[in-house]
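Whatever order the structure lists them in is the order used to number ligands and atoms, beginning at 1.
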Amino acid sequence: MSDRVLPYLPDDISNKQIPILVVDDLRDNLDLMEALLVSEGFEVVHLIPSGQEALEFLETHRDIGVILMDMMMPGIDGHEMCRRITTHESTRHIPVIIVTGGALRHNEAVQKSFAAGAVDFVTKPINEVELFMRIHSALALYRERVIRHHKTRELRESEEKFRVTFDQAPVGIAHVNADGRLLLINRRLCEMLGFQERELIESSFPDLCVPENRDVHERELKKSVEQGLEYHGFEIPLVHKDGRIIWTKLTLSPMKDAAGVPKYFIHIVEDITERKNFEDNLRLSATVFEGSTEAIIITDARANILRVNSAFTAMTGYADHEVVGKNPRLLKSGNHHEEFYRAMWATLSSTGQWQGEIWNRRKNGDIFPAWLTLCAVRNSEDKITNYVGISRDITLRKEAEERLSYQASHDALTGLPNRARFHDRLTHALARAGRDRHEFAILFLDLDRFKVINDTLGHTVGDFLLQGVTKRLLGGTRESDTLARWGGDEFIILLESIRGAEDAAVAARRILDVLAEPFSVQGHEVFVSGSIGISVYPRDGEDVQALLRCADIAMYRAKDSGKNDYQFYESTMSTGGLERLKLEGDLRYALKRNEFVLHYQPRVNINTGLIVGAEALIRWDLPDRGLLWPLDFIPLAEESGFIIPIGEWVLRTACLQCRKWQDAGVPHPRVSVNLSTHQFKKDNLTSTVDRILKETGLSPGLLELEITESAMMENLEKAVATLQGLAELGVNVAIDDFGTGYSSLGYLKRFPIGALKIDQSFVRHIPSNIDDTAIAMSIISLGKTLNLKVVAEGVETQEQLTVLRNYQCDEAQGYLFSQPVDADRMTEFLVNPSGLNLSDLFEQ
Ligand SMILES: Nc1nc2c(ncn2[C@@H]2O[C@@H]3COP(=O)(O)O[C@H]4[C@@H](O)[C@H](n5cnc6c(=O)[nH]c(N)nc65)O[C@@H]4COP(=O)(O)O[C@H]3[C@H]2O)c(=O)[nH]1
């Protein structure tokens, strides 16, 4: 008797069809009862002779509507049976009528039957009318019990279904009364807000709102009542237990009683935080997209344009409706080969990004350079869904770079390539000639009597004359020749395509001829002639220095021999040969004999007027000749290779000196050391510097190495690697003589350097020479752009200092502050800067 679900009682079943169970130990009694019941029309009567059998029978017969139970039976008697039936889950709905004889006469026995659960009793001898009446009323009770049982069960099931739906709903649900008190809360709402159900129940819903929104809830409840709304929704932020804001969409729906008064309000709470954040992000992205000063294109995976921003329209001239749906190739300038675009797409698809300079075309046909960053956007399955292109018009930067590069490589007065540019061309010519095995010549031209003209007729006439000479020289040379201004009244010409020395002679004669005619300058008729020295590759030399030196020597010989002529170089002309040999011999022993000394020139911060370090400059104290300046022996040391041990000595001596300053606690103990091209090119430079720093114990940050611009530009890739190595040591690097070389600005960005030193040739003519001043200023602004310190060399006048300060140059050195001095004097300056009288200079 385990299943407590009762069979259904069909609506149309009559009492007579409901089975009746009679239990009596006497066969006669059973038969009598059966006869009575059958005669009355009861259709199903079960007769069982003992209590035990009756219990077993009931296990399989669930449809019994009433039990007539004899009281006195052997084994389990009527009372006990009654107790068992009325207390068991599956039988307690069956009314039991006790059938009794004499025992009923005792009031106590009747009480006992009722106490055991019987609903009625009949006495023997049986009164038929009474019996049937009691059976009918017991069956009525039975019917009521079965129906109640099923109703209760259905109710329970429906409640269960509701509870499951309520709890498992994917949205938060709560019942809230008119005062805002939470009456019922589902699990999702608890999870959403991080509370246990017991923490929320009976609490106040407004307390879950962010403080400034508490009255919103009350207002909406009121609105719902006043306007009789079935339901209405609004967005409201709630507070999670951990303090987070949970954005929700809250839908209110009043549950009314019969009188139409709301008993409580059903709250449906949807978490819309993700959507809100997404919307916020979308708004943010849209603002960035539209507000960006960089042009942005978004395409689909097939590179068809989906959107462009207003900066794009401003940059290209295309409105969005003119480009949407098209391919960005409509911006193609035609300046790049297909290979360029292929490589770009290959990088983009393999790395997801591409960055670089690109030439594009505006709607009006103008071509312009842009700095473009392309990114591929991938979805969660790693498939490319979009491309985003962000670009910036770099026309102005390009122009500035080109201007600077032009200024750095051309002479301002004549517009001719300058010395640095010529040097560059000559280097290329040497490489080509070495490869193709052909000859070429250098013609070194110095104008005769120019100084006299300049001094007597003035600089302006001198300048016009130089421009006139330039014009004639250009007329007298071929396009394949390179004509450059070497400086002052010196010009130099590279003749690349000659068949032999004869051709060079013809060219030299032609040049002398074009100069022969008088020049008319500002109303003066002026005559100039020239002296030309010629050197020929490979006969006179196989490197730049040798060829230039030979042409120079030959030019002096031409001058000596009466001017207005040309001379080829001849080996006997090297008058300095013997001298040079002696010097080279002395150089060999100079280090051993301890003949080198270092002088130091203070470097000054232009803003504060404080000394911020010193540049070490080598001097050679030759017993029989006195102090020699670097330019007298450094080139020789470079040629002979002695520069390497000498350079190491300089580095070690300067580091030791700086270490002494550091130990003595002087302010700003910082030293700059010049590196020669040879040193810079040596593979072991970084390890040498590292070793010397370790030997001397100097902090790397106190050492600066000055490397000339031309040394760096000789082999750019190697230079980048060497500079990287030095930067890793923590040593600072400055580019020396900046502005004289032919800098690749692209590389400059890649050099890990800290400072640019403006060459003194530009500083010297500040502010009188507009071009030199402009170059110095360009270098300062380039330094600012690249975040490099700019140091001006050779500052000699207060005027130069003022101009440099106005243009925000950072540091300066020069005779205005001090000549290079020996170490003791420099130490005094560092300890007591007032010895330099800097305050006077900086107060002005
Ligand atoms: N007219 C003028 N000149 C000024 C003024 N202030 C400083 N100077 C001079 O300008 C030169 C500056 O050094 P630099 O450009 O590195 O040019 C240096 C540097 O390239 C090279 N040098 C000097 N010492 C060393 C060294 O130890 N190793 C190497 N490799 N080169 C060195 O020799 C060059 C010449 O050195 P110095 O004759 O000592 O000449 C120094 C300095 O005495 C000024 O106001 N007006």
Logged contact type for D736 with ligand 1, heavy-atom cut-off 4.0 Å, is side chain
Restricting to non-hydrogen atoms, name the atom on N674 and the atom on E706 that form the minimum distance, rounded to 0.1 Å. OD1-OE1, 3.3 Å
Does at least one non-hydrogen atom of H599 fall below 4.0 angstrom from an atom of ligand 1? no
Side-chain heavy-atom pair E793, D737 within 4.5 angstrom cut-off: yes
What atoms in ligand 1 come closer than 4.0 Å to a heavy atom of D737? 15 (O)
Could you tell me which atoms of ligand 1, counted from 1 in the order shown, lie closer than 4.0 angstrom to a heavy atom of R619? 37 (P), 39 (O), 43 (O)
With the threshold set at under 4.0 angstrom, would you say K757 reaches ligand 1 through any of its heavy atoms? no
I'd like to know if K784 and D810 make a salt bridge, using a cut-off of under 4.0 Å between side-chain N and carboxylate O. yes
Closest protein heavy atom (residue, atom, distance) for atom 29 (C) of ligand 1: N674 CB, 3.7 Å
Are more than 12 heavy atoms, taken from residues, nucleotides or ligands other than Q467, located less than 6.0 Å from that residue's CD atom? yes
Min heavy-atom dist Q813 to ligand 1 below 4.0 Å: no
Note: ligand 1 atoms sitting under 4.0 Å from heavy atoms of E796 are 1 (N), 2 (C), 44 (C), 45 (O), 46 (N)
What protein heavy atom is closest to atom 37 (P) of ligand 1, reported as residue, atom name and distance in Å? P630 CG, 3.7 Å
Can you find a side-chain donor-acceptor pair between S531 and D448 that sits under 3.5 Å? yes
Identity and distance of the protein heavy atom lying nearest atom 5 (C) of ligand 1: Y815 CE2, 3.3 Å
Atom 38 (O) of ligand 1 [closest protein heavy-atom partner, distance rounded to 0.1 Å]: W629 CD1, 3.2 Å
Answer yes or no for G647: is there a heavy-atom contact with ligand 1 below 4.0 Å? no
closest protein heavy atom to atom 18 (C) of ligand 1 is L617 CD2, 4.3 Å
Protein heavy-atom partner closest to atom 24 (N) of ligand 1 - residue, atom, separation in Å: I618 N, 3.1 Å
Identity and distance of the protein heavy atom lying nearest atom 3 (N) of ligand 1: Q760 OE1, 3.2 Å
Between the side chains of T414 and R485, is a donor N or O closer than 3.5 angstrom to an acceptor N or O? no
Using a strict cut-off of 4.0 Å, indicate which atoms of ligand 1 neighbour a heavy atom of P820. 43 (O)
State, to 0.1 Å, how close L494 and A429 come at their nearest heavy-atom pair, and which atoms those are. CD2-CB, 3.9 Å
Proximal ligand 1 atoms for Q601, defined as those under 4.0 Å from one of its heavy atoms: 6 (N), 7 (C)
Contact bool for atom 40 (O) of ligand 1 (protein heavy atom, d < 4.0 Å): no
Which bit of Q819 gets closer than 4.0 Å to ligand 1, counting heavy atoms only: side chain, backbone, both or neither? neither
G814 heavy atoms, cut-off 4.0 Å: which ligand 1 atoms fall inside? 6 (N), 45 (O)
Could you list the atoms of ligand 1 found under 4.0 angstrom from a heavy atom of S676? 30 (N)
Quiz question: by atom type and distance under 3.5 Å, do the side chains of E704 and S672 form a donor-acceptor pair? yes
Out of E615, E709, E811, which one pairs with K757 under the salt bridge (Lys or Arg N to Asp or Glu O under 4.0 Å) rule? E615
Holding to side chain to side chain donor-acceptor pair (under 3.5 Å), I want the full list of residues that pass it with R619, two or more places apart in sequence or in another chain. none
Is any side-chain N of the basic residue among R557 and E570 closer than 4.0 Å to the acidic one's carboxylate O? no
Evaluate the ring planes of F596 and W649, with Trp represented by its six-membered ring, and classify them as parallel (under 30°), tilted (30 to 60°) or perpendicular (over 60°). tilted
Protein heavy atom at shortest distance from atom 15 (O) of ligand 1: E793 OE2, 3.3 Å
Start with the C-alpha gap between D411 and R421, add the side-chain angles, then the distance that decides, and say whether salt bridge (charged side-chain N to carboxylate O under 4.0 Å, His left out) holds. CA-CA 10 Å; D411 169 54; R421 184 56 176 262; over 6 Å; no
